[in-house]
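Down below is the structure, laid out as structure tokens.
By convention in this document, chain letters (A, B, ...) are assigned in the order of the sequence lines, proteins followed by strands, and residues within each chain are numbered from 1.
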Amino acid sequence: MKRTLTICPYCGTGCALWLLTENGRAVGVEPVREHPVSRGGLCVKGWNAAAFINHPERLKTPLVRKDGVLTPATWDEALDRVVSGIRDLQRLHGNDAMMFASSAKATNEENYLLMKLARAVFGTNNIDHCARLCHSSTVTGLAQTFGSGAMTNSVDSIEHADLIFVIGSNTTEQHPLIGTRILKAVQNGAKLIVADNRLIRLARHADIHIRHKNGSDVALLLAMMNQIQTDGLADQEFIESRTEGFAEFQDSFASWTPQAAAAITGVDPSVMADAARLYASAKSALIFYSMGITQHSHGVDNVRCVAALAMMTGNLGREGAGVCPLRGQNNVQGGCDMGALPDLYSGYQKVADPLVRDKFAKVWGCELPSNPGLPLTHAMNAAHDGKIKGMFIMGENPALSDPDQNHAMEALKSLDLLVVQDIFLTETAQLAHVVLPAACYGEKDGTFTNTERRIQLLHKALEPPGEARADWEIVCELACRAGCQGMNYASTAEIMAEAASLTPIYGGVSHERLTLAGLQWPCPASDHSGTPILHRENFTRGKGKFIPVSYRPPMEEPDADYPLMLTTGRTYFHWHTGSMTRRTHLLDREERRSFVEISPIDAASHGIREGGRVTIVSRRGEVTAFARVTGSALPGVLFIPFHFAEGAANVLTNNQLDPESHIPEFKVCAVRIGAAP
Amino acid sequence: MKILDSSGLTDFLATVDREFNLTLPVIDASGCRIYGTLQAGTPALHGGALLAKPTSLFFPQEEDVHVEGGGDSEPPPEKQLLAIGFTPKDLLCLGFIDRFFSDGFRDDIYFRRRQGALIAAVSGYVGADGGFIPPAFGNCDFEFIFDGKNWIINPYSEAGRGIAALIPYDAPIDALSQVMAEVERYVDEDAAIIKKASQILMADLVPDSFWEEIAASCILCTGCNLVCPTCTCFGVRDWRDADGFSRSRMWDSCQLDGFAREAGGHNPLGTEALRTRRRIHHKLAADMTKWGEMGCFTCGRCDAVCPTGIGIVAVARKMVERFQHNLS
């Protein structure tokens with residue numbers, strides 16, 4: 001039995017684990033007591049992170065579509081088909097007819113390489129990844145307000161907070177080892193406010209539970225700020241010395257008394273006022289948020305309000321005081337850091353800045369395109385409209401994860417060239433012209449960056465199955481075949497060395513320096529020990545900026561035809577489109593079919609019983625699922641997880657985007673429900 | 001009895017490593033203390049129980065039960081397993097599951113790893129932060145007892161005596177006098193708490209509301225089960241691929257809804273509170289009835305692994321604080 005230290009492939013918490021192997025097979029997991037984040041704990045997914053690795057359905061050979069059928073092929077044939085396919089369509093339609101989707105499940109090194117491949121080899125900035133679907137609102141909103149779109153504090157900060165405000169995050173289920181830190185803080189006397197209309201586990205421990213309507217976060221947060229100002233609880237000194245724009249921002253909340261907001265939020269004004277007072281009275285308060293804040297057509301405004309609430313009360317730049325967007329995927333932070341974004345190179349350096357462009361062009365030895373590329377969500381629309389002709393998708397499954405699935409499927413099917421690089425034949429890979437088999441997390445080296453900006457090393461524990469290769473090896477091979485001489489690397493450490501040389505916030509990072517505790521960026525120099533807390537003396541942008549907002553309702557609200565509100569998300573036992581967790585025996589056993597949470601009141605009025613098959617219909621389509629009648633659901637609101645291809649929540653969701661972050665409104669759409677025939 | 005200083009211990013471990021398939025606590029390059037080989041790190045017998053359960057040597061998280069065309073058993077390892085690092089409480093746990101896997105029905109899959117394995121305990125002043133762990137004085141082949149300065153090697157079986165004979169230095173006759181004095185003074189608070197909690201449970205003095213309160217903090221990580229050296233429940237998974245069919249078994253957790261869910265969908269343990277109650281009731285009450293002893297030897301692992309502080313000793317302590325006054 002061999003133990004290899006690596007990092008969990010599921011959420012952004014970044015727990016370390018020992019991957020146990022025997023005779024070349026993954027056979028178990030052990031937690032790591034010495035790890036600063038997980039401290040010897042794991043969630044149920046982490047404990048089962050070995051179980052899918054040797055699954056018989058792992059892709060073991062390249063596949064090329066021949067006569068309409070995906071057929072095993074050699075690497076030579078598959079890679080040549082990819083390179084010639086991209087070159088052909090770019091020759092006909094221009095470089096920007098190609099879209100590259102990188103992966104928040106892949107390593108930093110692989111994200112860096114794919115964005116280099118797109119830009120330096122194939123001459124397009126059309127590179128993005130699933131951060132577009134989860135925290136693009138954060139990247140946009142916090143960059144404008146603080147100067148850095150990342151979690152301001154470390155997980156350890158929880159122990160220094162005397163109040164924790166969780167809004168739009170089911171933390172014990174989606175970031176379990178952070179959720180449990182919050183639970184422990186509450187056991188030790190910290191106050192807890194939870195704003196989420198589902199009766200999530202944290203809500204059972206909360207001092208105040210706010211069950212506001214989906215899509216009313218701006219109204220709720222403005223009402224809290226209104227109350228804080230009325231009560232004189234704002235931190236004037238912090239506002240004056242550390243921020244700008246507060247005078248103009250006050251107009252945003254001036255009319256939003258809790259009484260005024262109640263009509264929008266559906267919450268008793270006194271509850272909002274009490275929450276405001278409790279938050280503002282804390283010496284050190286942390287805000288945790290996630291998709292409940294970001295996945296809205298006004299996601300950036302939500303983020304601005306969260307940032308404003310923290311700045312208004314001086315809750316930033318200190319241990320125990322900050323704003324903590326919880327990043328979803330194991331390496332979604334790293335995917336963004338490494339520039340798998342259409343307008344940014346690694347380290348959030350702007351494509352539009354000629355000095356930055358020159359810097360990258362010199363090191364990469366090529367000309368670089370100057371026009372920012374397409375966000376993933378726009379690219380899918382462009383494919384649907386016939387303007388994007390090819391997509392290279394590394395480790396993502398938009399056929400199931402994008403909003404309005406029928407639209408996404410039509411878009412993917414319309415492509416002249418679809419290349420999918422993955423570990424299983426996902427719903428997206430099934431549509432591909434070429435499928436490239438990749439190594440999973442246990443089969444390669446590299447780094448992931450967790451939600452608190454901690455760059456951590458993973459170590460190869462076993463060989464990939466069959467002919468599968470690490471993503472970075474495949475990308476390098478593609479570059480080589482496309483005629484690029486600058487993408488030969490002997491190891492992932494070499495890739496990181498190049499990335500670090502071009503990326504100031506990673507400037508001091510090298511594999512050699514990464515011990516068990518990793519390094520938290522910014523880490524600009526090789527003698528820099530990393531940065532657990534951002535914005536201590538100054539904000540990254542200098543002064544924190546209050547940016548005015550105004551309430552906008554969701555793009556689709558319940559009406560006579562579709563009288564219920566649908567919100568979507570994940571469950572504890574599954575991960576995203578289930579390609580790994582649905583192939584994990586115990587996790588699959590726990591949740592093996594699509595369900596819809598419905599309140600007892602709504603169930604009764606629609607003649608729906610617990611466990612019964614129901615049909616849910618939106619303007620985009622309909623799905624069937626099994627009813628879960630629960631007091632956790634607010635009357636009028638349904639919840640469906642998006643893991644299940646059968647009963648796919650995203651058949652129903654609304655492909656309406658935030659105008660600035662281009663994130664879809666996964667959290668709100670209008671539906672009707674009835675017992676299935 | 002034999003005696004070794006720390007450099008003598010290093011030499012001795014290198015010697016037995018040549019003869020045996022040696023596994024022991026080591027500190028690896030990352031600075032973590034884990035079970036491993038001498039090649040994986042530096043021996044680290046100090047520090048008390050490791051988080052991972054030592055019984056996983058014989059009952060691993062996942063293993064093949066049957067592979068089509070592959071035969072039902074693996075070839076025996078070239079060298080005999082010598083597992084160093086069990087605490088005396090771990091030995092009690094091992095005895096508990098040895099009995100479980102052989103009582104009435106002998107579990108061949110367990111014994112293909114367990115059969116012939118040599119076990120060595122570690123005790124004395126080796127606990128976390130130098131704390132004292134009372135020696136086992138049995139239940140294994142031999143024992144490393146640290147008296148604060150030297151290692152006393154105490155053999156209990158024929159094989160153990162053979163291994164100890166490799167050491168040229170006989171321990172003085174009073175080598176364990178300090179340790180024995182410490183044993184006299186030692187009070188095992190955790191064991192006393194668990195025993196009291198068992199009495200409370202057996203007397204049915206714990207209301208449902210208590211279990212609801214405990215379960216509210218449980219995130220279903222399953223860690224308590226998966227690090228417990230006396231937990232023996234497993235699930236069975238079948239895979240079919242181009243090479244044929246294989247069946248394996250893997251650790252299961254009674255904290256999960258699917259554990260007791262019936263085929264028709266009904267679950268007699270359908271709430272977190274019921275499952276939490278059942279888990280602790282099983283260890284502290286049902287095992288008493290079935291085996292005459294509890295299924296918890298307070299090894300401390302579930303308390304260490306639980307991210308929300310509701311390991312069995314912590315829960316037992318709450319139980320005792322609240323309900324012991326009702327014990328007659």
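Proximity to chain A is limited to the side chain of B:R261, based on heavy atoms less than 4.5 angstrom apart. Only the side chain of A:Q187 comes within contact range of chain B, with heavy atoms under 4.5 Å apart. Of the two parts of A:A16, neither the backbone nor the side chain holds a non-hydrogen atom closer than 4.5 Å to a non-hydrogen atom of chain B. If you measure heavy-atom distances from A:E590 to chain B, the contacts under 4.5 Å come from both the backbone and the side chain. For A:R592, no part sits under 4.5 Å from any heavy atom of chain B, backbone or side chain. The part of A:L183 that comes within reach of chain B is its side chain, from C-beta onward, which places non-hydrogen atoms under 4.5 angstrom from that chain. For A:V32, the part sitting under 4.5 Å from any heavy atom of chain B is the side chain, from C-beta outward, and nothing else. Heavy atoms closer than 4.5 Å to chain A are found in the side chain of B:E272, but not in its backbone. Both the backbone and the side chain of B:P307 come within less than 4.5 Å of a heavy atom in chain A. Contacts of A:R204 with chain B are made by side-chain atoms alone, with heavy-atom separations under 4.5 Å and no backbone atom involved. Contacts of B:I34 with chain A are made by side-chain atoms alone, with heavy-atom separations under 4.5 Å and no backbone atom involved. For a residue to count as touching a neighbouring chain, one of its non-hydrogen atoms must lie under 4.5 Å from one of that chain's; by this rule A:V186 does not touch chain B.
Ring planes of B:F245 and B:H66: tilted class, angle from 30 to 60°. The aromatic rings of B:W251 and B:F59 sit tilted relative to each other, their planes meeting at an angle between 30° and 60°.
Chosen from B:V305, B:L256, B:L57, B:T23, the residue pairing most often with chain A at heavy-atom distances under 4.5 Å is B:L256. The choice from A:R33, A:E173, A:R181, A:K2 that makes the most heavy-atom pairs within less than 4.5 Å of chain B is A:R33. In terms of heavy-atom pairs under 4.5 angstrom with chain B, the leader among A:V29, A:L202, A:T515 is A:V29. Contact count against chain A (heavy-atom pairs under 4.5 Å) is highest for B:S217 among B:S217, B:S30, B:G309, B:G235. Of the listed residues (A:G40, A:G41, A:G611, A:G46), the greatest number of heavy-atom pairs within a distance under 4.5 Å of chain B belongs to A:G40. When the candidates B:L226, B:D252, B:D241, B:I219 are compared by the number of heavy-atom contacts under 4.5 Å with chain A, B:I219 comes out ahead. Interface remark: of the candidates B:A216, B:S253, B:A52, B:A216 forms the most heavy-atom pairs closer than 4.5 Å to chain A. For chain B, the option among A:L586, A:T172, A:L516 with the highest count of heavy-atom pairs below 4.5 Å is A:L586. Here A:H55 is the residue among A:M1, A:H55, A:E30 with the most heavy-atom pairs under 4.5 Å with chain B.
Between A:K460 and A:D445, none of the side-chain N atoms (NZ, or NE/NH1/NH2) sits under 4.0 Å from a carboxylate O, so this pair counts as no salt bridge. A salt bridge links B:R322 and B:E213; the closest N-O separation between the charged side-chain nitrogens and carboxylate oxygens is under 4.0 Å. Ion pair B:D107/B:R114 not flagged as a salt bridge, since none of the NZ, NE, NH1 or NH2 atoms sits closer than 4.0 Å to an Asp/Glu carboxylate oxygen.
In summary, the side chains of B:T298 and B:K89 do present a donor paired with an acceptor at a separation below 3.5 Å, with no hydrogens or angles considered. Under 3.5 Å, the side chains of B:N267 and B:D257 contain a donor-acceptor pair of N or O atoms. Counting only N and O atoms by type, the side chains of A:T171 and A:S169 include a donor and acceptor under 3.5 Å apart. Counting only N and O atoms by type, the side chains of A:N188 and A:E159 include no donor and acceptor under 3.5 Å apart. Side-chain atoms of A:Q456 and A:H35 include a donor-acceptor pair closer than 3.5 Å.
A 4.5 Å side-chain heavy-atom check between A:S290 and A:H175 finds at least one atom pair inside the cut-off.
A:N54 contributes a side-chain N or O that, together with a main-chain N or O of A:A26, makes up a donor-acceptor pair within less than 3.5 Å. Proximity of a side-chain donor or acceptor of A:R454 to a complementary backbone N or O of A:A517 within less than 3.5 Å is detected.
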